[in-house]
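The block underneath contains the structure these notes are about, expressed in structure tokens.
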Amino acid sequence: MQKTHSLPFIGLAVLALLLGHFSSPNNQDRSYSGQVILEGMVHLGDNNTPEWTEAAAEPDGLGEYVFKFKDTIGGTERALAFTTRDAHSKWVVKINNKYVCTLKHTGEPSEFVVPVPKNIVRKGANTFSLSTEKAGDDLTFGRVKLSDKPYREVFNLRTIRIKCADSDGAALACRVSIVDANDELAKTHFADKSPYPTRDGVVYTDLSGIAEVLVEAGDYIVTASHGPEFSIGQHRVATNDEQPYDLSFKLVHEVDTSGWLSADTHLHTYTHSGHGDASTDERIITLAGDHTEIAISTDHNKQIDYLPTMKKHGVKNEYTHIVGNEVTTDLGHFNSFPLPAGGAIPDASITDWSMLNKEIRDKGAEVIILNHPRWPSFVKGPFGVQELNQETGLFTSGIDLDVDVIELINSDDPGSPFDVSIKDWFALLNAGNHVMAAGSSDSHAVFVPTGLGRTWVKSKTDEPSKAAEKSIAANIRDGHSSAALGLFGEVHLNGMGSGEDVKQSRGGLNLSCRIAHASWADVYRIDIYVNGEIEHQIDVPEHSGTAFDQTFEYTMNDVNEDSWVVCVAYGKRPGSWWAAKFPELYFASNPIFIKK
């Protein structure tokens, strides 16, 4: 039987009240005093389930199970442990008709522990009930134990209080990662009662840079971050004593990105997309903590305006928001923006590639990005189904790609390795497709940082709140941008930048490639590609542990044919606080086109 640790409550029945386990950090069972109030397992529902061996195949009841138990303490906070399986509907646990928790769905028998507030359990006789309004949902439930101790004592919880600021001492919203001595995510508790977005291993501060989290006693590394432009702050802490632990972090802005803003073109919420776990309220806070400057909402087949929730949380200058839509179809997923909130939704049932793209543009989208072209696998993703030839850049299906951009980096999709994605992209460019590259997070969850994979967009202003929607969209569409994961860069060829044209020259073209990163990151190599082949390679000297900002120069001689140039940089993966599933850091400029 697996044991499942606490999961966060975000005001949605599907996630339920805080759930936990009785395992200590080293996975050895924690002993506690208490009583078993229901020994066996019961089966509720209306189907015969012989495959579930932990309870009778025939149901013991339909939509309710009630039993009596006696308690010798009463009136104090307690912890309740139980085992359950397959609760799809909203099954509610009550003691003496007072709410305790809602069950979470699991495919296997799993043990949970929940807090029981004081004055629910009475000294003497008590009534325990499990019920649902949707009878007929089969589940098993039982092995119920009531601890003599409060939940906090059972798990030996400690409070860590966090305060983050920039180098001038001004409050800074941050993402705070917490791992234990084994580099495993810290188990967080009472996330449902916290005003700070919290999951195992992470908590986000509010806009004032303040957060608080409850963890089990132990040794931890606590890391505060604020996106790729800033340094990180780290503390090692041994939470042995019961008093709160106060940690202060001061982060330094180390990367000059003047003239550029960072965009996340692919964002979701559980509230509107129905999977993941980040509520809209939580998403608004995480965007600020991750220093994502342009936030494009792309819930599935919906056009969601973040602005009301931004105003609710006092978000004003941290970032600007663009309404988009991940048009989710049988052909693929297409991030499309800008689109009017509450406006007409593109018809996702269209199965003709050209008609679908026309439909999206007719609804007003100025940018169409083909998301994760190799998801869910190399063969089953859009590029696999349409049979993209990675050598010729042509589709066996005969489709005209007809999108503006493809996701080169999706930091929540390790199934699309960078070396595969870039080969696809280069093949398309060589086949004459004027298609640009973007980076995104595809974040559905609080733990998945927004803007981890990000698109650096050329901008006339360095203040996100003043960025013009049409200008940002046009620069993403036209390639005045780059795709990145942890690194920043900008590339020029005879003074022309990404997405622009430069004239051929027998006398040589001067290329400059600037790469910069914060002190926690690293870059070790830069490849200069011409028409998909490496023209020149630069090995960057070792410089770990320091901020980096250097421009590399290269002269391209005798360029007398139409070509395109892209610079790609590779960096080493940071420490255990880094949440991306990719093995390295990346930067890829959009192409500069050499023409007659």
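In terms of the ring-ring contact (aromatic ring centres under 6.0 Å, His included) criterion, His272 has no residue partners (sequence neighbours excluded).
Of the candidates Thr223, Ile285, Val202, Val202 is the only one forming a side-chain contact (heavy atoms from CB on, under 4.5 Å) with Arg175.
Separation of the Phe593 and His434 ring centroids falls under the 6.0 Å cut-off. With ring centers used as reference points, His253 lies 6.0 Å or more from His291. Proximity of the aromatic rings of Phe488 and Phe587 is defined here by a centroid distance below 6.0 angstrom, and this criterion is not met. Tyr204 and Tyr196 have their aromatic ring centers separated by at least 6.0 angstrom. For an aromatic pair to be called close, the ring centres must be under 6.0 Å apart, and His275 with Tyr270 fails this. Here the two rings, on His333 and His300, have centers that are under 6.0 Å apart. When ring centroids are compared, Phe383 and Phe378 stay outside the 6.0 Å threshold. If you look at Trp564 and Phe426, their ring centroids are closer than 6.0 Å. Here Phe334 and Trp353 bring their ring centres to under 6.0 angstrom of each other.
Asn301 and Glu326 are not linked by any side-chain donor-acceptor pair at a separation below 3.5 angstrom, with hydrogens and angles left out of the test. For Thr450 and Asp290, the side-chain atoms include at least one donor-acceptor pair closer than 3.5 Å. Remark: the Glu584 side chain and the Tyr524 side chain contain an N/O donor-acceptor pair separated by less than 3.5 Å. For the residue pair Glu254 and Ser519, a side-chain donor N or O sits within less than 3.5 Å of a side-chain acceptor on the partner. Using modelled atom types, one finds a donor on one side chain and an acceptor on the other under 3.5 Å when comparing Asp413 with Ser416. In this model, a donor atom of one side chain and an acceptor atom of the other lie less than 3.5 Å apart for Ser443 and Arg283. Side chain to side chain, Asn357 and Asp402 fail the donor-acceptor criterion of an N or O pair below 3.5 Å. Residues Ser208 and Asp206 have side chains that bring a donor and an acceptor to within less than 3.5 angstrom of each other. In this model, no donor atom of one side chain and acceptor atom of the other lie less than 3.5 Å apart for Asp264 and Ser440. Side-chain contact of Ser441 with His266: a donor-acceptor pair under 3.5 Å is absent, judged by distance alone. In this model, no donor atom of one side chain and acceptor atom of the other lie less than 3.5 Å apart for Asn590 and Ser498.
Between the CG atom of Asn371 and the CD atom of Glu407 there is a distance of 4.0 Å, given to the nearest 0.5 Å. Between atom CD1 of residue Ile594 and atom NZ of residue Lys503 there is a gap of 14.0 Å, rounded to the nearest 0.5 Å. Distance check, rounded to the nearest 0.5 Å: CG of Asp256 to CG of Asp549 gives 7.0 Å. Rounded to the nearest 0.5 angstrom, Cys513 SG and His536 NE2 are separated by 10.5 Å. Within the model, atoms OG of Ser177 and CD1 of Ile221 stand 11.0 Å from one another, a figure rounded to the nearest 0.5 Å. Atoms CG and NZ, from Asp501 and Lys595 in turn, are 4.5 Å apart once rounded to the nearest 0.5 Å.
A salt bridge is defined here as a Lys NZ or Arg NE, NH1 or NH2 lying under 4.0 Å from an Asp or Glu carboxylate O, and Asp404 with Arg361 meets this definition. Between Lys458 and Glu500, no side-chain nitrogen of the basic residue sits less than 4.0 Å from a carboxylate oxygen of the acidic one, so the salt-bridge criterion is not met. Under a 4.0 Å N-O distance rule, the pair Arg199/Asp277 qualifies as a salt bridge. The pair Arg514-Glu553 fails the salt-bridge criterion, with no side-chain N (NZ, NE, NH1 or NH2) lying under 4.0 Å from an Asp/Glu carboxylate O.
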Contacts under 3.5 angstrom, residues 304-312 side chains, donor-acceptor by atom type, not counting sequence neighbours:
unit_1, atom_1, unit_2, atom_2, d
Asp305, OD1, Leu307, N, 2.9
Lys312, NZ, Asp281, OD1, 2.8

Audit row: Thr292, Ile294, side-chain contact (heavy atoms from CB on, under 4.5 Å) steps and yes/no: CA-CA 6 Å; Thr292 302; Ile294 307 295; over 6 Å; no
Verdict with supporting geometry, Lys596 and Asp562, salt bridge (Lys or Arg N to Asp or Glu O under 4.0 Å): CA-CA 7 Å; Lys596 292 180 181 179; Asp562 287 356; over 6 Å; no
Derivation of the side-chain hydrogen bond (donor to acceptor under 3.5 Å, both in side chains) call for Asn325 and Ser336: CA-CA 5 Å; Asn325 180 339; Ser336 310; over 6 Å; no
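Taking the six-membered ring where tryptophan is involved, the planes of Trp520 and Trp578 are tilted, since the angle between them lies from 30° to 60°. Using bins of under 30°, 30° to 60° and over 60° for the plane-to-plane angle, the ring pair Trp375/His372 lands in the tilted bin.
Within a 6.0 Å radius of NZ in Lys363, other residues, nucleotides and ligands contribute more than 12 heavy atoms.
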